[in-house]
Amino acid sequence: MGHALNNLLQDILARYKRQRGYNVLWMPGTDHAGIATQNVVERQLAAEGLDRHAIGREKFIERVWQWRRESGGTIINQLKRLGSSCDWRRERFTMDEGLSKAVREVFVSLYEKGLIYQGDYIINWCPRCHTALSDLEVEFEEHNDGHLWDLQYPLADGSGSIIVSTTRPETMLGDTAVAVNGSDERYRDLVGREVILPLMERKIPIIADDYVDMEFGSGAVKITPAHDPNDFEVGLRHGLEIVKVMDEKGVMNENAGKYAGLSREECRKKVVEDLDELGLLPAVKDYSHNVGHCYRCRTIIEPYLSNQWFVRIKPLAERALAAVKEGETRIIPQNWEKTYFNWMENIRDWCISRQIWWGHRIPAWYCGACGKMIVARQDPEACPECGARELRQETDVLDTWFSSGLWPFSTMGWPEETETLQKWYPTSVLVTGFDILFFWVARMMMMGLEFRDEVPFKDVYIHALVRDEHGQKMSKSRGNVIDPLVIIDQYGADALRFTLAAFAAQGRDVSLSEARIAGYRNFVNKLWNAARFTLMNLDEDFDPAAAVEPAVLSPAESWISHRLNRTIEEVVAALDEYRFNDAAQALYQFTWHEFCDWFLELEKPDLFQSEDGDRRAAARAVLYRTLERIVRLLHPIMPFVCEEIWQNLPRPAAAPGSIMATAYPGAEPEFDDPAAVGAMERVMAVITAIRNIRGEMNLSPGQPLAAVIRGKDEAVLATLRENAPSIISLARLSALEIDAGAEKPAQAAAGLAAGVEIFVPLAGLVDFRQEAERLKKAIKKAEKEFSGVDKKLGNEKFLAKAPAEVVEKERAKHRELAEKLEKLRVGLKTLEAVSGP
RNA sequence: GGGCGGGUAGCUCAGUUGGGAGAGCACCGGCCUUACAAGCCGGGGGUCACAGGUUCAAGCCCUGUUCCGCCUACCA
């Protein structure tokens, strides 16, 4: 579903920009997901009773390609079902030949610049995946069931002992020192002396190092250089011995003495038992601490000393940092820039080697004769040093992100200087989730700047994550993934797309609920039905190319045309600023509530009953023009239904073959008509008031009602008279009288709207106590509003300091409410006079 | 430890220069009104987490408190 959201947003932009006349390149593709994919195929092998070592590297790689051929298209197919309008001919894969060439070029080039080095360091090791991981690939999780064990190490001369604390007692087997802070008075005399490491009976020194926090625990720390990054640093500073006590599977090795062969978990248990027995375990406390887990298999990570390849990242990060600081690349929403800066500023070297088989094999060879290492663009035939031909290639492969970091240019043919590259690099926008801001965005920035000398993209739009209804991140391991294909089958791609777009508010996660999707499915349906209505009202000889003259429009038609202009402006502004939810919201509101609920109903009298041919023609023309624009506006979000409707609509001969190729509508100022909007708002207010009386009196829509309208403002009355057919139709009246001097009918319900009084005679229809209740309710509501405005206007400071237009607005409201209250009170009084209190 | 985001109607959430608290779903009442019952019409419902402050005016700005989520970090 994350892919669905991500792709949807890109698709909306691509379709929108195409309609706006841009030449759009959208290149689809996937990375090879090294560890995850290798795990899948290893599981397949395990099911067959095999493992990768049994079949060998070449056969294994073949199997992976086979698996990829069978299921690698899954995501791509999902995207196609969703309607993604990528350039599918340009689909790329990080293991393709061209991209692999780019990987090799980048590796060798960075190596030659001294930005890649190999060495023995503590890295994050997954004992299950059997590989090193970068810092980013370790997920920390709070474990509150941990313990802090105090271990007692006797001094070698038998004069006492020193206590150290640890959360990982099994590592004590590899301790090669005990460290204290040099300025710690308590231990001053002990520095330089030795302790006997229990269980191993080894003598190890007590050293002084600033790293030790005197406040924590006993103020003394056991040092295990081979199994802890800090201890490794301490070890380097003091030239300590390094003892590895674990192998690559997390099993204790021969250096662990009698514990050899035990798993790290079993060993911990046994070490604790044995120390306890020796009386060297003075305390055990419950302890809550963070434990690193493999991001692919959740296994607990082992900090492990190992020979690996690294990228010296600082020089690359500096440029990537500056590019965003200087605005060459914008990150949207901007909050993320801070996160990006923070990470770039505190970045550490990137471990890029992985001990798996699926991936780009590191282009380094070792000479069997002289031991020289060769890093080369072309596979070497012989050792340049000694000429020997026994060359052995490095078995490690590169981190998948190393190759995906090259995506913006490797997919365009780099290192060749292709036309594509010339034309499209740097790209306009990258759309991605924040969860891969560091993994991917940061690396693309660094690689792009290093190898193209230009940022890879001008905008980075960071969207939210799709979560389940409990706000949990959707992931395969949690098993709470909602399959987009299932949703598409059930509700349609357009419904899913609209839902995701409507939820995609900047900086906020998407909690996807099926009820919401069902709701937007109804919207698709609504649009479809509105299109049916439109189609069945267009003549055979309707001319879609005929110009519509603003002068011939009815007030309702002018109103909808004006509102269409405003909606277009809103949607364009929203899409230009990546406010997808605002665009969706504006279109939803306009289409359903203005076009369907009001406009179609308002047009029915003209369409069905008018004797005037020109009037009917105008109604049809505006109906057509509005719907035709609605589907073009909605096309980026709901391409399927919009295309279908558009294909069914009559259209000018010159129109393109698909809605995809049409222009995005723009506002047409000649259709702006604020006066018509004002008039229609009055008409609608009157209709709503009458409907309200009907509803509150529980009168069914079939019940014929008459209405009498009176008011002082002749202009308003004229407007209402002009629109009397609309009022009669939408309020379902049998008769309507509009007259400044009209008599209030006896036994009538009264309403107020648009500055006029509305009476609906109800003699014999309802219980008048009910109407009295309704009026009392209305009075109470109006009183509450009135007192608020009254208080405001009674405040001299408000009158003095608020802008004049705000004050005037309050005054007008004050007058209206006073008048309304007066009329309601009179109405209630007369009612009580005829019907009794 | 540092950083970020959030607490608005029963639920999920909008609310962009501070000036009438909104949507969808759910709920209540009335309707098969010939585009649509996946619909139409009407309605109820919120001391905008809490406490202060700035302002004529605060959901929005400032300070503090509290709760929740996420990211990040080498305290054994």
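Sequence lines set the chain letters: A, B, ... in the order given, protein chains first and strands last, and positions in each chain run from 1.
- Atom CD of A:Glu142 and atom C1' of B:rC70 are 14 Å apart (whole Å).
- For B:rG43, the OP1/OP2 oxygens have a side-chain nitrogen or oxygen of A:Asn692 closer than 4.0 Å.
- Between A:Val441 and A:Thr432 there is a side-chain heavy-atom pair separated by less than 4.5 Å.
- Comparing B:rA73 with B:rG2, their P atoms sit 15 Å apart, to the nearest whole Å.
- The closest side-chain donor-acceptor pair between A:Arg516 and A:Tyr520 falls under 3.5 angstrom.
- Look at the C1' atom in both B:rA58 and B:rU47: the space between them is 14 Å, to the nearest Å.
- For the pair A:Arg566 and A:Glu594, the salt-bridge criterion is not met [side-chain N within less than 4.0 Å of a carboxylate O].
- Between A:Arg620 and A:Glu603, none of the side-chain N atoms (NZ, or NE/NH1/NH2) sits under 4.0 Å from a carboxylate O, so this pair counts as no salt bridge.
- The side chain of A:Asn335 places an N or O atom within less than 4.0 Å of a non-bridging phosphate oxygen (OP1 or OP2) of B:rG5.
- Residue A:Glu603 contributes atom CD, which lies 14 Å from atom P of B:rA35 at whole-angstrom precision.
- Salt-bridge check for A:Glu810 with A:Lys813: passed, with a basic side-chain N closer than 4.0 Å to an acidic carboxylate O.
- Of the candidates B:rA76, B:rC36, B:rC41, the closest approach to any side-chain atom of A:Arg532 belongs to B:rC36.
- Taking the charged nitrogens against the carboxylate oxygens, A:Glu773 and A:Lys776 do have a contact shorter than 4.0 Å, which makes a salt bridge.
- Side-chain contact of A:Thr171 with A:Lys222: a donor-acceptor pair under 3.5 Å is present, judged by distance alone.
- OP1 and OP2 of B:rC36 both lie 4.0 Å or more from every side-chain N or O belonging to A:Lys526.
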Q: Determine, for nucleotides 22-33 of chain B in 5'-to-3' order, which nucleotides have protein heavy atoms under 4.0 Å from the base (write B), from only the sugar-phosphate (write S), or from neither (write -).
A: --S----SSS-B
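- Note: CD (A:Glu345) to P (B:rU72) measures 16 Å, nearest angstrom.
- The shortest distance between the side-chain N/O atoms of A:Tyr287 and the OP1/OP2 oxygens of B:rA76 is below 4.0 Å.
- One side chain, A:Tyr153 or A:Asp175, offers a donor N or O that lies under 3.5 Å from an acceptor on the other.
- Look at CG on A:Leu437: it is 13 Å from C1' on B:rG3, rounded to the nearest Å.
- Distance CG (A:Asp135) to C1' (B:rU72): 12 Å, rounded to an integer number of Å.
- Base pairing in RNA chain B yields stems of at least 3 consecutive Watson-Crick or G-U pairs, both distances under 3.5 Å, namely B:1-7 with B:66-72, B:10-13 with B:22-25, B:27-31 with B:39-43, B:49-53 with B:61-65.
- Regarding A:Ile645, its CD1 atom lies at a distance of 15 Å from the P atom of B:rC36, rounded to whole Å.
- The listed nucleotides are B:rA76, B:rG44, B:rC41; the one nearest the side chain of A:Ser165 is B:rA76.
- Between B:rG43 and B:rC48, the two P atoms lie 24 Å apart (nearest whole Å).
- For the residue pair A:His289 and A:His147, no side-chain donor N or O sits within less than 3.5 Å of a side-chain acceptor on the partner.
- When only modelled atom types and interatomic distance are considered, A:Asp790 and A:His814 share a side-chain donor-acceptor pair under 3.5 Å.
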Q | Heavy-atom protein contacts under 4.0 Å, nucleotides 15-21 of chain B, coded B base, S sugar-phosphate only, - none | A | -B--B--
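- Ranking B:rC71, B:rC56, B:rA35 by closeness to the A:Phe438 side chain, first place goes to B:rC71.
- Residue A:Lys791 is classed as having no contact, given no heavy-atom separation below 4.0 Å to the nucleic acid.
- Counting only N and O atoms by type, the side chains of A:Glu137 and A:Tyr295 include a donor and acceptor under 3.5 Å apart.
- For A:Arg732 and A:Glu601, the salt-bridge test fails: no basic side-chain N is under 4.0 Å from an acidic carboxylate O.
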